[in-house]
Number of protein chains: 2
Amino acid sequence: MKTKQDTLYVGSLAKGLRLLRAFDEAHTELSLTELAQRSDLDKSATQRLANTLHIEGMLEKDPDTRRFRPSHAWLQMAYAYYWSDPLVGQAMPKLIDLSQDLGETVNLTELSGDHIVYVSRLPCKRTYFAATVIGRRLPALSTSAGRAMLATFPEPDRNAAVESWPIKRFTPSTTTDRDKIRGSIARAARDGFAISTGQMILNEIGVATPIIGHDGRAYAAVQCSVSAHTWTRETIIRDILPKLQDTANAISPSFQGHRGSARPDH
Amino acid sequence: MKTKQDTLYVGSLAKGLRLLRAFDEAHTELSLTELAQRSDLDKSATQRLANTLHIEGMLEKDPDTRRFRPSHAWLQMAYAYYWSDPLVGQAMPKLIDLSQDLGETVNLTELSGDHIVYVSRLPCKRTYFAATVIGRRLPALSTSAGRAMLATFPEPDRNAAVESWPIKRFTPSTTTDRDKIRGSIARAARDGFAISTGQMILNEIGVATPIIGHDGRAYAAVQCSVSAHTWTRETIIRDILPKLQDTANAISPSFQGHRGSARPDH
DNA sequence: ACGCATGTATCATATTATAATACACGACAT
DNA sequence: ATGTCGTGTATTATAATATGATACATGCGT
């Protein structure tokens, strides 16, 4: 759009990234023309860029169907990420203990702009695979983890987020009323944890506790997803919450600072 | 091997990818000059490309230290990968059951050229975090999973691999003798599973069973890593192996075909 | 056999990325 | 203070590079 502005901006690289972003849960393998459509590039550009990505091992190409797919290199990216994120190394052993102790699925999530990202996931009970895979992004306001984190922010920031951050309706019971969300976050600020019901999946309850950073704010949270068939708000608070909080608290002190999410603001 | 390759090769994109590849377990955050050195690009190119990657959200930049790091987008790549890999969706529920049943760490690995890649990982016991993170690549010949897969290949292919594929010494007890490896694979071909001891980490035993594809070959394996302090070859074969095999067999029939790993051969 | 959609290859053109340069800032040493 | 070094940043003129229109090839359906 405004590629013109900067001589420090390499358009070809950016276009190549657009090809990569064309793949998601609904588009797992793409033909050349689909790729072109989804990344809004003309056929020639797509051809050249996709070919380059293929040669460089970022895209696999089925010799028969001629369709492209993410390669194993995409997993290596996650590998590199894990090492680069100081929180992951600190948290993993404790999260493993927690999941063994609880016998329920435990997740580590981080704030990423106005979304949360599932950074690590320890599935225990059989659960919807789809629900939370590593790397999934969800609107922070619609998740227990996001609310637990936001609850640690000063009130002005909190309110600004509640007003402007995106919300997406996943189930009929997803909360879209921002006032209710504000209330939920206020309660989380008071209690130190957040619980949400059926926001993403029906009959799914999420409970999250914040991992507080050096500045008193949380940019990460420990989250636990359980079935509403076997758990209630009360039993969760009684049996899960204490251990969840212990884990989050055990991670917090050993974790100082958070990854600057600054974007260029030219 | 310069641009002369083709007019279908976009050098700028390839260079950008080299920047991404500069990050690994030993290089978790890089300054501009480090980035330039590691990707073998001059300062100007690095500046432009890194800036582009930053603007596009692929690299975070610490405003103070000016150093770059992988962003959350790197996790999203793994997310997209998971959806694109037909094996993952099939295997996950069964792997979860298995890990719950065994109470030991279970991994799903795939063959990627002459390496194996950890595609999914379900940690149970506290274990070295470093050992196996998602996305890690290891020389196939040095791993139980790699040998279990190779064992399903016709003998000529097997031998060619044993001769030419790379080996890396990780511990004093890593097997570097290719004849011994050939023997290990031959045994795996006979038994239908592979066991290796102390290849990656001392006092660590790996056992793997192949996930057989449509052509009788395995491009994936279910693997289990346990401590030599609590397990022996015999107890593993008695208590772990049957369940491991059941799981691999349960995945195999529902999984037809494998992702073509064809590279361009111009 | 035909049209249509898709993947592939080619090539002249100028848009685009390039790499040399100069500037700014902080660290450290004398 | 004053110097040098190592950085990160910004600005150019230059031509090399990516571009996209085009033509060719291939398969699929009717």
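A note on names: the letters A, B, ... follow the listed sequences, proteins ahead of strands, and every chain is numbered from 1.
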Of all the nucleotides listed (D/dA10, C/dG7, D/dG20), which has the minimum atom distance to the side chain of A/S31?
C/dG7
Nearest nucleotide by nearest heavy atom, which residue falls closer to the 5' end of DNA chain D, A/A45 or A/L8?
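Of the two residues, A/L8 wins.
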Under 4.0 Å, heavy atoms only, any strand: does A/S12 hit a base, just the sugar-phosphate, or nothing?
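Sugar-phosphate contact only - A/S12 comes under 4.0 Å of backbone atoms but never of a base.
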Integer-rounded Å distance: [N] [atom2] and [X] [atom1]:
X	N	atom1	atom2	answer
B/L13	C/dT16	CG	C1'	15 Å
B/R48	D/dG8	CZ	P	16 Å
B/L32	C/dA24	CG	P	19 Å
A/Q37	C/dT6	CD	P	7 Å
B/D40	C/dA19	CG	C1'	15 Å
A/R67	C/dT6	CZ	P	10 Å
A/D62	D/dG27	CG	P	14 Å
B/Q47	C/dA20	CD	P	13 Å

Residues [X] and [Y] bridged, charged N to O under 4.0 Å:
X	Y	answer
A/D24	A/R136	no
A/D157	A/R217	yes
B/R69	B/E60	no

Between the protein and nucleotides 28-30 of chain D, which nitrogen or oxygen pairs are less than 3.5 angstrom apart?
none

Distance test, side-chain N/O of [X] to OP1/OP2 of [N], below 4.0 Å:
X	N	value
B/K61	D/dT9	yes
B/K43	C/dA20	no
A/T7	C/dT18	no
B/T33	D/dG8	yes
B/R66	D/dT7	no

Name the orientation class of the two ring planes belonging to B/F153 and B/Y219 (parallel below 30°, tilted from 30 to 60°, perpendicular beyond 60°).
perpendicular
Under 3.5 Å, is there a donor-acceptor pair between the A/E25 and B/Y79 side chains?
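Side chains of A/E25 and B/Y79: pair found under 3.5 Å.
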Just checking, is any N or O donor in the side chain of B/E34 or B/H27 under 3.5 Å from an acceptor N or O on the other one?
no
Audit row: A/Q76, A/Y81, side chain to side chain donor-acceptor pair (under 3.5 Å) steps and yes/no:
CA-CA 8 Å; A/Q76 283 182 77; A/Y81 177 89; over 6 Å; no
